[in-house]
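All remarks here apply to the structure that follows.
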Amino acid sequence: KVLVLLLRRPHGIDLDGPNRGNWLTGNVASLFEGGVDYCVHIAEKYGGAARLHGPLGEIVYVSDPRALYHMVVKDQHIFEEPGLFIMSNKLVFGEGLISTVGEQHRRQRKLLNPVFSTSNMRRLLSILHPISDRLASTLVSKLPADGSHKEIDVLPWLSRCALDGVCQGILGYPSDTLSAAENDPYPEALRRIGPLIGKLMKVRPIAMIIMQYCSSYWARKVLDLVTVPWFPTQFMADVFLEKKAAMQAKEMPDPVDTAYRESDSMTSMMDIMLKANIVSSNTERLTDDELLGQMNVMVFAGLDTTTSALARSIYLLAQHSGAQARLRSEIRDVTKILEEDGHVSSAELPYDVLMSLPFLDGVVKETLRLYPSLPLMGRVTSKATTLPLQFPARSRSGGYTSNVAIPEGAFAIISILAANRHQEMWGADANEWRPERWLSSTLAAPSQTQEVSCSMDREDAASASRSAPVLGVKDSVRFPGVYSNMMTFLGGSRSCIGFKFAEMELKQAIATLVMRLHFSLPTERNAHGHCEGDSMEATRISYSCREATRWGWCNATSTAKCATGEEG
Ligand code: HEM
């Protein structure tokens, strides 16, 4: 079978690209070894579609906006997630969104999309307030009382903040890992899952063989042996059963009772999800396995992605002290007004205020654009097709092509990273981190042909159009992403369902942190001249922190100093 697979490797894609490299494994591994620079370099050298070589044939590496629109929206049924990916997700997480395809996936999204509406986010923000406050207090408690600098490895704490946010906000489970001991095994185990999955990529093919020839019971047993027991699944099952029992103990609602759907007793996405499921029709209702699967998937999908975005934001703010000062000043100004009106304390900005702070919005968007947490996504063609390009790419013969024929069974890589840095679409300074680029942006409606097929309530549509900037648009063509024309959360029916939650969580944590701490980079650099963590495979990042208020930065004199970027 392996021989047949090797002999039938898809080839003949008429695109230019780097040399094959290793005869068996090809050059695809360079994407991971070369990190951000290499991933962007390929697109800048060969164009929005380039040819790479993998062990199972030629691979098309895509960052062109029109091609991406075809891949994630129009011809999404042709560019499917690899079977192996779906299969191994099912084994690890159960029947959640990242393990299902076709009608089952459509049915799940239909029930779950409204759960992530803006109005539900507004109600959930208060759950995140104490978590970000606890994060800031934990970091402050590690600093010397005399207000001097100290280097702290903040990454594990940012990760715990993301975990507590997902557990409390999504599951309604108070994990409270921020208060747990530094070496608590549960958050540590979860923190290691992402890197572990990366390392286990090579043994994934074993999963396919086992799934094909063993019953699911034995498949689970064997995979626990060759990979790692997915112990949080059992924990999640207990949380789910507890929630379900609590809900069943209450009186069954009238399915058309909107008061029931909207009731304030809903304190997590899980509550909203369970209620939406109860009032849905029999044909649309999710099974217990599917609901449990969603819980597993959401903790996994929302943990490392949010941690990495949060860590990167703090890293960039530490690098750009002027931007950090400007952000602090923006938040302090709005907090002061609200405090004077007796509305809020500093850590509790209301949803609409938090989400509309222009510079905070710029910091979050610019970080997510330049450093998407998931930089590359894989797809496989279910039949031969043609991929149209907006910008001609280099062909094999040395000319240029605007239509690329892709054979059936070919592997395609969506380069979220290269798309978000496409210079034709974002400008010549696309590789620079400039939060202020979002400040001058104006409204731009998506073009007719590129409307994203994602169900939105009216309020979501209005807020999307308010925040849809002209950035990332050229000649009415835009990237088909669900978030501000960028591909960070993908687009189409497999786009990130949790992007509004992630955006809110990031803004809340960053706003709270910069009000209580000052971040700067550690003085020690590695052999490449970078601070630790300045690579795609960031595992440890340490910052020098000092408590902002102890340095008197809340008074007017230092405001001016910070705002002009003279600080630090
Ligand atoms: C900065 C944070 C995040 C980033 C950058 C991100 C990015 C993405 C991307 C690129 C996908 C598409 C994956 C694919 O097609 O294979 C995705 C899917 C998904 N994300 Fe996120 N995500 C983030 C946070 C979250 C959070 C907080 C949740 C929790 C609710 C979440 C839940 C999901 C789910 C359930 C899917 C699968 C959707 C489907 O297949 O229908 N994500 N995410």
Side-chain angles (χ1 to χ4, degrees), residues 68 71-73 76 79-82 84-86 88-90 93-102 104-113 115-116 120-121 124 128 158-159 161-171 194 268-270 272-273 290 293-313 364-365 367-380 412-417 419-420 453-455 479-484 486-510:
L68 288 176
M71 288 177 74
V72 305
V73 181
Q76 194 249 314
F79 291 90
E80 290 175 342
E81 305 226 276
L84 188 55
F85 176 74
I86 297 287
S88 48
N89 284 344
K90 193 167 281 190
F93 305 111
E95 300 280 326
L97 277 172
I98 60 169
S99 324
T100 56
V101 290
Q104 189 184 7
H105 181 262
R106 188 209 59 79
R107 193 169 51 82
Q108 293 188 353
R109 280 297 290 228
K110 189 171 174 210
L111 187 105
L112 296 174
N113 275 337
V115 171
F116 287 84
N120 282 338
M121 292 304 129
L124 282 182
L128 299 180
L158 300 182
S159 170
C161 172
L163 176 60
D164 285 353
V166 172
C167 281
Q168 185 74 65
I170 307 278
L171 308 181
S268 71
M269 305 298 266
M270 197 60 206
I272 303 171
M273 208 180 329
E290 287 179 304
Q294 310 310 336
M295 294 173 72
N296 283 327
V297 162
M298 280 170 199
V299 170
F300 172 73
L303 180 57
D304 277 359
T305 47
T306 310
T307 305
S308 137
L310 185 53
R312 184 61 75 173
S313 307
V364 169
K365 285 204 169 100
T367 307
L368 289 170
R369 181 184 71 81
L370 220 50
Y371 297 99
S373 313
L374 299 173
L376 307 170
M377 308 286 355
R379 295 290 187 263
V380 173
I413 294 177
I414 297 174
S415 181
I416 293 179
L417 189 62
N420 284 358
S453 65
C454 173
S455 79
F479 284 107
V482 281
Y483 181 65
S484 297
M486 60 181 107
M487 293 302 292
T488 305
F489 296 99
L490 223 64
S493 60
R494 293 209 86 101
S495 60
C496 177
I497 201 167
F499 79 95
K500 287 195 205 101
F501 185 82
E503 187 192 19
M504 172 173 79
E505 204 181 357
L506 286 171
K507 287 186 171 176
Q508 172 58 27
I510 295 169

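All figures in this text were calculated on a predicted structure; none of them were measured in a lab. Counting starts at 1 for both ligands and their atoms, following the listed order.
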With heavy atoms only and a cut-off of under 4.0 Å, state how [X] meets ligand 1: side chain, backbone, both or neither.
X	value
Lys500	neither
Phe499	neither
Glu505	neither
Ile170	side chain

[X]-ligand 1 polar pair, N/O distance under 3.5 Å:
X	value
His105	yes
Ser495	no
Glu81	yes

Judged on heavy-atom distance to [atom], which of [options] sits nearest?
atom	options	value
atom 3 (C) of ligand 1	Tyr483, Phe489, Phe300, Tyr371	Phe489
atom 23 (C) of ligand 1	Thr305, Leu310, Thr488	Thr305
atom 22 (N) of ligand 1	Cys496, Gly491, Gly498	Cys496
atom 13 (C) of ligand 1	Met269, Met377, Met487	Met377

Nearest protein heavy atom with distance in Å, relative to [atom]:
atom	answer
atom 15 (O) of ligand 1	Arg379 NH2, 2.9 Å
atom 33 (C) of ligand 1	Ala301 CB, 3.6 Å
atom 12 (C) of ligand 1	Arg494 O, 3.6 Å
atom 9 (C) of ligand 1	Leu374 CD1, 3.6 Å
atom 37 (C) of ligand 1	Ile98 CG2, 3.4 Å

*Should Val101 and Arg494 be marked as a side chain to side chain contact (heavy atoms under 4.5 Å, CB included) after you check the CA-CA gap, both sets of side-chain angles, and the distance that decides it?*
CA-CA 10 Å; Val101 290; Arg494 293 209 86 101; 4.0 Å; yes
_Testing Ile497, Ile98, Asn89 one by one against Val297 for a side-chain contact (heavy atoms from CB on, under 4.5 Å), which residue passes?_
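By the side-chain contact (heavy atoms from CB on, under 4.5 Å) criterion, Val297 pairs with just one of Ile497, Ile98, Asn89: Ile98.
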